[in-house]
Each structure stands twice: as C-alpha cells, then as structure tokens.
Amino acid sequence: MPELPEVETIVRGLAPRLQGQQIVQARYWPSRVFRGEFPPELAGAVVWQVSRYGKFIVARCDRGFLGIHLGMTGKLLFDAAPQKHTRAFWEFSEFRLVLEDIRQFGRVLWGEQLPEPIASLGPDPLEVPREEFVQRARRYRTSVKGLLLNQQFLRGLGNIYADELLFRARLHPERRTEELSPAAWERVWTEMRHLLLEAIALGGSSISDYVNTAGRKGSFQREHRVYAREGEPCVVCGSPIQKTVLLQRGTHYCPRCQRL
DNA sequence: AGTATGACCTGATGGC
DNA sequence: TGCCATCAGGTCATAC
C-alpha cells in the first residue's frame, strides 16, 4: 500500500511518540509477515529513533533495529483492539502500537545491525544528489518505469508515484533507460523531488484504505494526474488517459504527452 | 549481473 | 442473491 510519502507521514506520526520510550512487551501472531527469524520479545528495549528507509519504517533501539514494511495493506495504529488481521503489537507504558495487515505482504524484521534487505537498498529519492542520480540511472538497461520501481536503484518509489513522475517528466513508461540523455534524467530528478515533497505535504495518497497512525487519510490522491484516471482527460492536453499493464502493474499515462 | 515472470495473500467490485 | 473473474500503494524466488 504505502509508498515513500505515506511511509514518511507515518514515521512523522510515530517518531515523537516512540522516541525515548521503552517497550514493555511485544506480541506476535503467526503469519507470513514474519519470514525467517521471529523478532525477539523486546521487553525492556528502548526506542532511540524512528526513521524511514524507502518504504521501511525503522526503529533504532538500544539493542538493535526493528524494521517494518507495510506491504500493500499494512497499517500501524495506536491503541487499536486486536482483531482478525492483527499481526503484532508493541506495548509501551502509555499506549500500544498495533500492526494490522490483511494480505500479509508486509514484513517485520529484527537485527543487531540494520537488517537486510534494508541495508542494501538504493539511495533515498529526496537525499540523492542530482549527479549521483544521473550516474546511477545510466547503469541500467530497462524500461524507465521498471527502473523507478527498482528499490536497489532508488528506495521508496512505488506504482502511483512512478506513474505520476513519468507524466510530469513527459516520459512514456516503456521508454528504454539507455536512450535517455543526462538532461532527461536531470528533469526526472527535479520532478521527482517536487512530486514527493508535494505528496508529503498533503499526507500522502489514500486510494482505498491507507491511513496514518492517527487513522486519517491523506489527500494527495486529489492531485493525481494519471493514476486511476483512465479515460479522463489529461490535465495538460485533454487526451483520454490510457491504462495498460507493464511489469504486471497497472500503468497510467497520457498517450499524447508521453510518447514512445 | 540485470531483467522479466509467476507466486504469495485477502477482500472489494463488477459482470452475468 | 450468488458465483466467478479481475484487480489492488509490494516484493521475492526463479528462470533466462
């Protein structure tokens, strides 16, 4: 579900409440969310810092790193009563943080060091310098949308923001990366920053069920120019927005503004 | 090594 | 009303 702006919004809700607080106890229900090693009990651990690594939420504790990925349907809520799809909770002295995840595409990780695959993700889209972004982009030979979705290239973009970014940069999603000039990549870098900063300012996009830790929806979905706008007029030229499937993901674009 | 393709889950929606 | 197919903010393992 959540991409960079949604995870950033969640982290901003979590950080002030968790930082400096001690975990009294944790509870995990068996599910696919815990692949491999089960996270330790964590009773007594103190959270020092909560931050975002791409789409991962990372709590740095006195004894290690707790990483949470929300997959497609994950939610972190304060003080929710456990129900059918509750996968875990962490109890603090004043509140309880509850992880719900219907489809179980989310993940909970633990490590004394920053665990994989978090540690080997690409740079953050809002931190990567322009020159480094261009250099990295030119190493790949794939479709430009495929590259934007590749978390080793850049961490945090997903299907919505890839489509929205390609519209703003006027690039067809299937354009080959090796054909793009450095100037074109610089345009992508600039548009990417604007897009993500605007989306964060509006609390991210809520398509069906995304909510922040306060249970509130974001409003950036109202600003979408192509995503989920199939058949509606392009905001620039009026042509109907098209939807196709690329890399098994719904892909939205303007056939006139984004030519191959 | 980089890239493309099913597989993994559950629930909502729409057509018949 | 019910059944079935399709679709969904994401990876991940496998095969070329």
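Lettering of chains follows the sequences in order, A, B, ..., and the numbering in each one begins at 1.
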Within less than 4.0 Å of OP1 or OP2 of [N], is there a side-chain N or O belonging to [X]?
X: A:S143; N: B:dT3; answer: no
X: A:H85; N: B:dG11; answer: yes
X: A:Y227; N: C:dG9; answer: yes
X: A:R103; N: C:dG9; answer: no
X: A:R32; N: C:dT11; answer: no

Sugar-phosphate only, base, or nothing, as touched by A:Y161 at under 4.0 Å among non-hydrogen atoms: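 If one applies the 4.0 Å heavy-atom cut-off, A:Y161 turns out to touch nothing in the nucleic acid.
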Trace of the side-chain hydrogen bond (donor to acceptor under 3.5 Å, both in side chains) decision for A:E6 with A:Y161: CA-CA 11 Å; A:E6 292 76 39; A:Y161 295 98; 2.6 Å; yes
Donor-acceptor pair under 3.5 Å, A:Q248 side chain vs B:dG6 base: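 Between B:dG6 and A:Q248, which were checked side chain against base, a qualifying N/O pair under 3.5 Å is present.
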Aromatic-base stack, A:F105 on C:dT11, cutoff 5.5 Å, angle under 30: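 Not stacked by the 5.5 Å and 30° rule.
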Side chain of A:N159 (C-beta onward), nearest among B:dT3, C:dC7, C:dG10: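 The answer is C:dG10.
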Passing candidate, side chain to side chain contact (heavy atoms under 4.5 Å, CB included) with A:W189, options A:E186, A:R187, A:E191, A:R193: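 Of the listed options, the one satisfying the test is A:R193.
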Salt-bridge criterion met for A:E8 and A:R12 (N-O under 4.0 Å):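 Yes, charged N to carboxylate O under 4.0 Å.
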G-U wobble or Watson-Crick pairing nucleotide for C:dC7 (cut-off 3.5 Å, both distances):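 Pair assignment: C:dC7 / B:dG11.
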A:F89 ring center near A:W29 ring center (under 6.0 Å):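 Between A:W29 and A:F89, which both carry aromatic rings, the centre distance is below 6.0 Å.
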